[in-house]
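Position 1 is the first residue of the sequence; numbering continues from there.
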Amino acid sequence: MTGPAGTALTVTAGGGDSFPWSVFGQGLAVAAGAALLVMLATFAVALRLGVHRVVDVAWGAAFAAVALAAWAHAAGRDEGDGVRQALVAALTCVWGLRLAVHIARRGRGHGEDPRYAKLLAKAPGSPALYALRKVYLLQGALVWLISLPVQAAMLLPGRPGPVAWAGTAVWALGLFFEAVGDHQLARFKADPAHRGRLMDRGLWSWTRHPNYFGDFCVWWGLFLCASEQVPVAAAVLVSPVVMSLLLTVGSGKRLLEQHMAERPGYPEYAARTSGFFPRPPRRG
């Protein structure tokens, strides 16, 4: 929608600043296109390699692509604040690209992920087209939905305030838990003496899922970066809620714990270690 002189419709909220809702609506299509492009390119790579586990690398990279596309869209329409845009783009890209590199290194030299092998074994018709629908397009849609705060933050007027900087601190806590937890686990697994043993040291003694808790903090932090106008915060709240559900009751914590439950020593580890939010391990 446009105003009397063809200007983008804006809504005033909080402190007299306005948010360009019509530009945000247009940006939704830009973000969807960026996510789709990454997923389709990854699908082509997967067909060439013969494994679909590469889509896990594309997950973080797709968020980075959406952030950059949303920034370019906002700048092209002369909307938003340059400091906030650079901040949110940097936070999203650092998180997304670190995750992509970590997953790529972890999966190097391995065959198909058992999750995707099991999924494709049930495919009616072409396994490739089934994977495209059930894996790539679904993950692209989730990237688009979860990235709503990033898209909105690119259009918010005014310099980042206390809420955005608090969000940056929450993001930093999340990145610490995710990156340090991944590093500790990788070092533990690399030692032949630990073969068959459970990782219960470092951050893994405070929570059974430091990487998932880290993701949780990252996306609530990015949500706060877009929450200095209440209507905008309400519009994008679905993002951290969906991510939190994915991490705790969806494809994250729940499925991993089902897989780990039969390993020797896991019940004892679970009894003394928090299931999600960090706390000192229980004694005895």
Decide, yes or no, whether a salt bridge links [X] with [Y] under the criterion of side-chain N to carboxylate O below 4.0 Å.
X: K118; Y: D113; result: no
X: R106; Y: D56; result: no
X: R84; Y: E228; result: yes

(message) Hydrophobic clustering (ILVMFWY, side-chain heavy atoms < 4.5 Å, transitive) - are F277 and Y212 grouped together?
(response) yes
Between [atom1] of [X] and [atom2] of [Y], what distance do you get to the nearest 0.5 Å?
X: T92; Y: F63; atom1: OG1; atom2: CZ; answer: 9.0 Å
X: T168; Y: L91; atom1: OG1; atom2: CG; answer: 5.0 Å
X: L246; Y: I146; atom1: CG; atom2: CD1; answer: 5.5 Å

(request) Return the minimal non-hydrogen interatomic distance between A89 and A67, and the atom names on each side. (result) CA-CB, 4.4 Å
(request) Identify the heavy atoms of F188 and H194 that sit nearest to each other, and give their distance. (result) O-ND1, 3.0 Å
(message) Which residues pass the side-chain contact (heavy atoms from CB on, under 4.5 Å) test with R98, not counting sequence neighbours?
(response) H102, L175, E178, A179, D182
(message) Test of understanding: with side-chain contact (heavy atoms from CB on, under 4.5 Å), list the residues that count as partners of A235, not counting sequence neighbours.
(response) W21
Do [X] and [Y] make the cut of ring centroids closer than 6.0 angstrom?
X: F223; Y: W219; result: no
X: F216; Y: F177; result: no
X: W171; Y: W220; result: no

Contact between [X] and [Y] at the side-chain level, heavy atoms closer than 4.5 Å - yes or no?
X: L40; Y: L132; answer: yes
X: R133; Y: L138; answer: no
X: P210; Y: W204; answer: yes
X: L68; Y: C93; answer: yes

(request) Please work out which of the three classes, parallel, tilted or perpendicular, describes the rings of F276 and F213, given edges at 30° and 60°. (result) perpendicular
